[in-house]
Amino acid sequence: GNSVTQMEGPVTLSEEAFLTINCTYTATGYPSLFWYVQYPGEGLQLLLKATKADDKGSNKGFEATYRKETTSFHLEKGSVQVSDSAVYFCALKSGNEKLTFGTGTRLTIIP
Amino acid sequence: DAGVIQSPRHEVTEMGQEVTLRCKPISGHDYLFWYRQTMMRGLELLIYFNNNVPIDDSGMPEDRFSAKMPNASFSTLKIQPSEPRDSAVYFCASSFLSRVEAFFGQGTRLTVV
């Protein structure tokens, strides 16, 4: 079956540091890949997505590249801000209609 | 569009009481999902519908949980009777097949005391 494994948290960084949150997946077929973000007290919001191999999703300074050869979709940002503090979920959708989520990574940015 | 709308935002109830959570999906979306989020288990898919028909309810934890979608613009998740271990944040999400991402509501924080 489909599964997503993402970096265990929590992750704490200083403002302006470089961020990487690792995500690898197992899926049948050719999945679409997503990163969702959940700010405190809110629902999940789509941050970025990629629908085929070598696609790069980007939004709000975050990027992730769909790597079929390594079955990965790592999230990166060059310079994080305090406002990026949130929980980040990697997810995939393949064949069937439901999203498969990772366990989430809590990110805290210290001023 | 207003997005996915859930009500209530917060619910506190006593053990044994019936609880009904409500969701209005984004207009035109043909898939609706109910998720539960807890610290221990993370995000769990409970059930999802396509064109108002339940497709997969294998994530529903017990018979105490039931979900309905009487029309394309409304769904309910009912817990009867409620128990303290049902305390969680319940999210509703909707999507349109031709677009791959799902859009989430703000969630209902349920506390059963």
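By convention in this document, chain letters (A, B, ...) are assigned in the order of the sequence lines, proteins followed by strands, and residues within each chain are numbered from 1.
- Other residues, nucleotides and ligands place no more than 12 heavy atoms under 6.0 Å from the CZ atom of B:Arg109.
- Under the disulfide bond (SG atoms under 2.5 Å apart) criterion, the residue pairs touching residues 53-94 of chain A are A:Cys23-A:Cys90, with sequence neighbours excluded.
- Heavy-atom contacts from other residues, nucleotides or ligands closer than 6.0 Å to CG of B:Asn71 number more than 12.
- Heavy atoms closer than 4.5 Å to chain A are found in the side chain of B:Gln37, but not in its backbone.
- In the hydrophobic cluster analysis, where Ile, Leu, Val, Met, Phe, Trp and Tyr join through side-chain heavy atoms closer than 4.5 angstrom, B:Phe104 is grouped apart from A:Leu33.
- The same ILVMFWY cluster, assembled from side-chain heavy atoms under 4.5 Å apart, contains both B:Trp34 and B:Val19.
- Once rounded to the nearest 0.5 Å, the distance linking OH of B:Tyr35 with CG of A:Leu99 reads 4.5 Å.
- Using a 4.5 Å cut-off between side-chain heavy atoms of Ile, Leu, Val, Met, Phe, Trp and Tyr, with links allowed through other members, A:Phe62 and A:Tyr25 fall into the same hydrophobic cluster.
- Evaluation of the disulfide bond (SG atoms under 2.5 Å apart) test over residues 26-62 of chain A, restricted to residues two or more places apart or in two chains, returns none.
- Applying the 6.0 Å contact sphere to CD of B:Glu14 captures no more than 12 heavy atoms from other residues, nucleotides or ligands.
- Contacts with chain B (heavy atom to heavy atom, under 4.5 Å) involve these residues of residues 36-48 of chain A, listed by number: A:Tyr36, A:Gln38, A:Gly41, A:Glu42, A:Gly43, A:Leu44, A:Leu46.
- Remark: A:Glu16 CD is loosely packed, at most 12 non-hydrogen atoms of other residues, nucleotides or ligands lying under 6.0 Å away.
- B:Phe33 and B:Ile55 fall within a single hydrophobic cluster, where Ile, Leu, Val, Met, Phe, Trp and Tyr side chains are chained together by heavy-atom contacts under 4.5 Å.
- Taken together through direct or relayed side-chain contacts under 4.5 Å among Ile, Leu, Val, Met, Phe, Trp and Tyr, A:Val87 and A:Met7 form parts of separate hydrophobic clusters.
- Residues of residues 40-47 of chain B that come within less than 4.5 angstrom of chain A, heavy atom to heavy atom, are B:Leu43, B:Leu45 in numerical order.
- Only the side chain of B:Arg9 comes within less than 4.5 Å of a heavy atom of chain A; its backbone N, CA, C and O stay farther away.
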